[in-house]
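Worth knowing before you read on, the calculation uses all heavy atoms, side chains too, and leaves out hydrogens, waters and symmetry mates. Keep in mind that this is a model prediction, so the values were computed, not measured.
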Amino acid sequence: IQVVQLEHPQTWRLMKGGVDGEMEELVVTVSGILSEVYLPPVAEKPTTTVSQFKFLRQGVVITGLGSPTFEAAVEVTFEVYEIFRREFPEGKLEEWAATQYQDYAALPFSNRYVMPSRDAPNMEHIPFEATVDPQGHLEAMIPHGFVRGDDNIVEYYTQKVTTGEERPTFMKANPLVFRVGDLVDVQVSYIVVPLKLQKFKMLPVLRAIALVTVHLVR
């Protein structure tokens, strides 16, 4: 595993060797209970200015309610932060900390809907699905200098009920299905982005979310 700097868009990412010898982004799976959900569909037109479109996000916050498995995931995130921290001058990478749900640790994961096209001039735009953008509000941002690329895609799944020793399988889902209290698996990656004044920030990025159990906790 190594940190690799990419130029379009400018980010630092954790990469690993793939099966074919090519480097690929490290993606990890974290299991937990949804304590906050802000996923599509986007039913209302965003009220932000054009310059603020790049900050519009979808995401979730999950907690383990103190479970050892989830606490281990929190520790892994701290370890990832330490790997990144040593790639930058002392004090330049903003501190990272887990959030809280009641008295328990929680982890936020999110992803931008769009990015400025100037940051990725060769990126091909991927139109929004009707389940994400039913009214076309997000698609209307694209002519204003934005693009939706592979990096902005979040995939949604539900676990198919299986019996016996079968491995669980997952089916594509509508993002509407997710609720606070659901048990989920999320696939995430970790990137560092540049800020102003030569500062940098680590972001846990949501790549996919799968519904495992409905309303485990209310």
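Proximity of a side-chain donor or acceptor of Asn111 to a complementary backbone N or O of Leu206 within less than 3.5 Å is detected. Side-chain N or O atoms of Asp182 include none that pairs as donor or acceptor with a backbone N or O of Val184 at under 3.5 Å. Judged by distance alone, the side chain of Arg57 and the main-chain N or O of Lys54 form no donor-acceptor pair under 3.5 Å. Side-chain atoms of Thr77 come within 3.5 Å of backbone atoms of Ala73 as a donor-acceptor pair (strictly under, hydrogens ignored).
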Quiz item: Are Phe70 and Ile33 close enough, and set up right, to give a side chain to side chain contact (heavy atoms under 4.5 Å, CB included), and what steps lead you there?
Solution: CA-CA 10 Å; Phe70 187 81; Ile33 299 165; over 6 Å; no
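No path of Ile, Leu, Val, Met, Phe, Trp and Tyr side chains, each step under 4.5 Å between heavy atoms, connects Leu195 with Phe55, placing them in separate hydrophobic clusters. Taking hydrophobic clusters as Ile, Leu, Val, Met, Phe, Trp and Tyr residues chained together by side-chain heavy-atom distances below 4.5 Å, Leu39 does not share a cluster with Val205. The hydrophobic cluster containing Val3 also contains Tyr81, counting ILVMFWY residues as joined when their side-chain heavy atoms lie under 4.5 angstrom apart, directly or transitively. Using a 4.5 Å cut-off between side-chain heavy atoms of Ile, Leu, Val, Met, Phe, Trp and Tyr, with links allowed through other members, Ile191 and Val80 fall into different hydrophobic clusters. Residues Val177 and Val186 fall within the same hydrophobic cluster, defined by Ile, Leu, Val, Met, Phe, Trp and Tyr side chains chained together at heavy-atom separations under 4.5 Å.
Side-chain contact check for Thr69 and Ser67: no donor-acceptor pair (N or O, by modelled atom type) lies under 3.5 Å. In the model, Glu155 has a side-chain atom that pairs as donor or acceptor with a side-chain atom of Tyr157 under 3.5 Å. Judged purely by distance below 3.5 Å, without hydrogens or angles, the side chains of Asp185 and Thr29 never pair a donor atom with an acceptor atom.
Between Phe88 and Trp12, the ring centre distance stays below 6.0 Å.
Under 4.0 Å is where a charged nitrogen must lie from a carboxylate oxygen, and between Arg13 and Asp151 at least one such pair does. With respect to the salt-bridge test (charged N to carboxylate O, under 4.0 angstrom), the residues Glu139 and Arg148 do not qualify. A salt bridge does not link Glu25 to Lys16: none of the charged side-chain nitrogens sits closer than 4.0 Å to a carboxylate oxygen.
Summarising the geometry, atom CG belonging to Leu183 is positioned 4.5 Å from atom OG1 belonging to Thr213; distances are rounded to the nearest 0.5 Å. Remark: Thr49 OG1 to His144 NE2 distance equals 11.5 Å, nearest 0.5 Å. A distance of 10.5 Å separates OG of Ser35 from CD of Gln100, quoted to the nearest 0.5 Å. The distance from the OG1 atom of Thr158 to the CG atom of Leu211 is 6.5 Å, given to the nearest 0.5 Å.
No side-chain heavy atom of Lys45 sits under 4.5 Å from any side-chain heavy atom of Gln135.
More than 12 non-hydrogen atoms from other residues, nucleotides or ligands lie less than 6.0 angstrom from CD of Glu7.
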